[in-house]
Amino acid sequence: MVISRGFLGRRRDGDRGGRLPPGQYDVGDRFPVLSAGPTPHTPLERWDFTVEIGRQPAARWSWDEFQALPHEEISVDIHCVTKWSKFDTRWSGVSLDALIEAVSAPMAAFVVGFSDGGYTTNLPLADATGGKAWIVDRYDGGPLDPEHGGPARLLVPHLYFWKSAKWVRGLRLLDHDEPGFWETLGYHNRGDPWLEQRYSGD
Ligand SMILES: Nc1nc2c(c(=O)[nH]1)N[C@H]1C(S)=C(S)[C@@H](COP(=O)(O)O)O[C@H]1N2
Ligand SMILES: [Mo]
């Protein structure tokens, strides 16, 4: 029996037409939970979202005010540095473009997302804006599960999923880069899954 390489290549359709970055596998319907600490449970009446310039609060939304902001539906593949990927995840949230436009910060070149529990992650402004990042408060048609970052999390699907900070409470706009939680523990500063930027030095 002759099996052509092309046939095997297609059968091995794990990469779903080129959607699986190098070294990743498809988890299918599973949605793993990866948390470096306990799940915080901030009541919605005490939840707020702040955009800071440096460390100065410049804009703030209560939960109800945040709900009233224009939301976008997002359907994207996500890629964790521990090598699982999940295709076609569906979210709803507010773009970082809209949140950052609410303040005037011409000096801003970097963004840090900060969360309940102390987690942080850093992004160049170019990775945070241009329709590439959102604060999402809904997943698959329902409220975001606390284990997956509810009430709200950052979603930056074009970078490894550690950049998608769960339980996010705000964005800090900076004129300089400030590596976050995993970025100071040896993970790559940017984390592009297509370039396999897993660890610092990759
Ligand atoms: N606040 C916070 N956000 C976090 C994490 C965390 O430990 N704390 N883990 C990150 C990592 S490494 C991944 S892969 C994803 C996991 O999200 P999930 O648990 O919804 O799959 O969240 C990211 N955001
Ligand atoms: Mo991760």
Side-chain angles (χ1 to χ4, degrees), residues 19-44 46-52 63 66 74-94 96 99 111-124 127-128 132-172 178-202:
R19 287 167 65 186
L20 201 56
Q24 298 292 113
Y25 68 92
D26 177 5
V27 286
D29 290 336
R30 290 197 300 122
F31 193 169
V33 171
L34 278 97
S35 304
T39 296
H41 292 276
T42 301
L44 295 183
R46 281 206 285 110
W47 186 94
D48 60 9
F49 193 87
T50 305
V51 175
E52 298 180 354
W63 178 256
F66 195 84
I74 307 124
S75 181
V76 285
D77 303 340
I78 54 178
H79 312 290
C80 173
V81 73
T82 63
K83 303 202 166 177
W84 57 268
S85 290
K86 187 170 174 59
F87 293 121
D88 301 313
T89 61
R90 291 169 50 237
W91 311 82
S92 168
V94 180
L96 261 58
L99 296 166
V111 180
V112 167
F114 56 92
S115 298
D116 281 326
Y119 189 90
T120 54
T121 193
N122 58 312
L123 299 162
D127 279 318
K132 295 197 287 286
W134 298 265
I135 303 298
V136 292
D137 48 25
R138 296 182 67 76
Y139 175 75
D140 219 10
L144 185 55
D145 190 317
E147 293 203 316
H148 286 300
R153 79 181 295 166
L154 191 51
L155 176 67
V156 193
H158 73 289
L159 300 177
Y160 281 125
F161 208 34
W162 87 74
K163 295 285 184 181
S164 294
K166 303 198 278 189
W167 316 300
V168 71
R169 291 292 299 273
L171 303 171
R172 187 169 294 141
E178 271 187 18
F181 180 80
W182 286 119
E183 294 84 1
T184 53
L185 288 173
Y187 284 85
H188 197 276
N189 196 49
R190 178 152 183 268
D192 184 334
W194 295 98
L195 302 176
E196 248 193 304
Q197 295 174 334
R198 296 179 192 277
Y199 307 106
S200 104
D202 283 351

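Indexing begins at 1, ligand by ligand and atom by atom, following the structure's order. For this chain, numbers begin at 1 and follow the sequence in order.
The shortest contact between atom 22 (O) of ligand 1 and any protein heavy atom is with Arg153 NH2, 3.2 Å. For atom 18 (P) of ligand 1, the nearest non-hydrogen atom of the protein is His148 ND1, 3.5 Å. Nearest protein heavy-atom neighbour of atom 7 (O) of ligand 1: Ala36 N, 2.6 Å. Looking only at heavy atoms of the protein, atom 23 (C) of ligand 1 is closest to Phe161 O, 3.4 Å. The protein atom (non-hydrogen) at minimum distance from atom 12 (S) of ligand 1 is Trp162 CB, 3.5 Å. Looking from atom 24 (N) of ligand 1 to the surrounding protein, the closest heavy atom is Ser164 O, 3.1 Å. Among protein heavy atoms, atom 14 (S) of ligand 1 sits closest to Cys80 SG, 3.2 Å.
Residue-level proximity to ligand 1 for Trp84 is carried by the side chain, the only part with a heavy atom below 4.0 angstrom. With a 4.0 Å heavy-atom cut-off, ligand 1 is reached by the side chain of Tyr119 but not by its N, CA, C or O. Under 4.0 Å from ligand 1, not a single heavy atom of Tyr160 appears. Heavy atoms of Phe181 found under 4.0 angstrom from ligand 1: none, in either backbone or side chain.
Taking 4.5 Å as the limit, every side-chain heavy atom of Trp182 sits out of range of all side-chain heavy atoms of Tyr160. Within the 4.5 Å cutoff, side-chain heavy atoms of Val112 are placed close to those of Asn122.
In summary, of the residues considered (Tyr187, Tyr119, Phe181), a ring-ring contact (aromatic ring centres under 6.0 Å, His included) with Trp162 occurs for Tyr187 alone.
Using a 4.0 Å cut-off between charged side-chain N and carboxylate O, Arg169 and Glu52 make no salt bridge.
Counting the atoms of ligand 1 from 1 in the order shown, those under 4.0 Å from a heavy atom of Ala165 are 3 (N), 24 (N).
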